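Read the structure below first, then the notes.
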Amino acid sequence: LILGIVFLLSGALKLRDPAWIAAAREFGAPRFVAITIAPVEIFLGAMLLAGTASPWPSIASEIILAVFTVAMLRVMRRPVNQRPSCACFGRWTARPVGSSSVIRNLVLLALAAVSTGG
């Protein structure tokens with residue numbers, strides 16, 4: 001349930017933030033991928049909450065979280081003043097990506113792994 005709520009909240013807050021696509025592009029996401037991230041998160045969140053098609057939504061969540069985490073680690077190699085804002089939850093978390101963002105994702109990855117039974 002927690003993972004589903006996080007994905008729903010994250011996707012909804014991104015849709016409300018017009019700067020989200022530019023933030024995703026700073027992480028290296030192509031425009032067509034950046035546009036689809038929020039709706040995919042909402043869809044996955046709804047599937048996780050409904051418990052449908054298990055374990056596929058959890059597996060997809062693990063994959064997405066792993067990709068996001070790798071993107072964060074990649075931009076963390078830049079000097080702090082040149083890192084893009086995380087904006088993982090829209091403007092609510094619009095600060096430069098850092099270790100707390102990575103730790104949050106690792107916790108979410110652990111939740112996704114537990115929800116798949118692995």
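No experiment lies behind these values; they were computed from the predicted model shown. Start at 1 with the first residue, then count along the sequence.
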Margin query: Hydrophobic cluster membership, with links at side-chain heavy-atom distances under 4.5 Å among I/L/V/M/F/W/Y: are Ile63 and Phe68 in one?
Written below: no
Check: Between Phe89 and Val6, is a side-chain contact (heavy atoms from CB on, under 4.5 Å) present by the stated rule, with each step listed?
Finding: CA-CA 9 Å; Phe89 293 90; Val6 167; 3.8 Å; yes
Item checked: From CG (Leu15) to CH2 (Trp20), nearest 0.5 Å -> 10.5 Å
Notebook entry, point to check: Are Ile5 and Leu8 close enough that some pair of their side-chain heavy atoms sits under 4.5 Å apart?
Noted result: no
Next item on the list: Would you check if Met76 and Ser101 make a side-chain contact, meaning some heavy-atom pair closer than 4.5 Å?
Entry: no
Check: Do Leu48 and Ile42 share a hydrophobic cluster (ILVMFWY, side-chain heavy atoms under 4.5 Å, transitive)?
Finding: no
Margin query: What's the separation between atom NZ in Lys14 and atom CD1 in Ile37, rounded to the nearest 0.5 Å?
Written below: 6.5 Å
Notebook entry, point to check: Under the 3.5 angstrom rule, does the side chain of Arg83 hit a backbone N or O of Val97 as a donor-acceptor pair?
Noted result: yes
Next item on the list: Give, for atom OG of Ser58 and atom CE of Met47, the distance between the pair rounded to the nearest 0.5 Å.
Entry: 9.5 Å
Next item on the list: Is it possible for you to say whether Val40 and Leu49 belong to one hydrophobic cluster, with membership spreading through side-chain heavy-atom contacts below 4.5 Å?
Entry: no
Check: Within the side chain of Ser10, is there an N or O that forms a donor-acceptor pair under 3.5 Å with the backbone of Phe7?
Finding: no
Check: If you count the non-hydrogen atoms of other residues, nucleotides and ligands that lie under 6.0 Å from CD1 in Ile35, is the total more than 12?
Finding: yes
Next item on the list: Please indicate whether Arg16 has more than 12 foreign heavy atoms, meaning atoms of other residues, nucleotides or ligands, lying under 6.0 Å from its CZ.
Entry: no
Next item on the list: Using modelled atom types only, decide if a donor and an acceptor are shared between the side chain of Arg31 and the backbone of Ile21 within a distance under 3.5 Å.
Entry: no
Next item on the list: Compare all side-chain heavy atoms of Val67 with those of Val70 and state whether any distance is below 4.5 angstrom.
Entry: no
Margin query: If hydrophobic clusters are built from ILVMFWY residues whose side chains come within less than 4.5 Å, do Ile64 and Phe27 share one?
Written below: yes
Check: Quick one: OG on Ser61 to CD on Glu41, what's the gap to the nearest 0.5 Å?
Finding: 9.0 Å
Notebook entry, point to check: Should Glu26 and Ser85 count as side-chain neighbours, where that means a heavy-atom distance under 4.5 Å?
Noted result: no
Next item on the list: May I ask whether Ile59 and Val114 are part of the same hydrophobic cluster, defined by side-chain heavy atoms of I, L, V, M, F, W, Y residues being less than 4.5 angstrom apart, directly or through others?
Entry: no
Next item on the list: State, with a plain yes or no, whether a side-chain heavy atom of Leu65 is found less than 4.5 Å away from one of Leu3.
Entry: yes
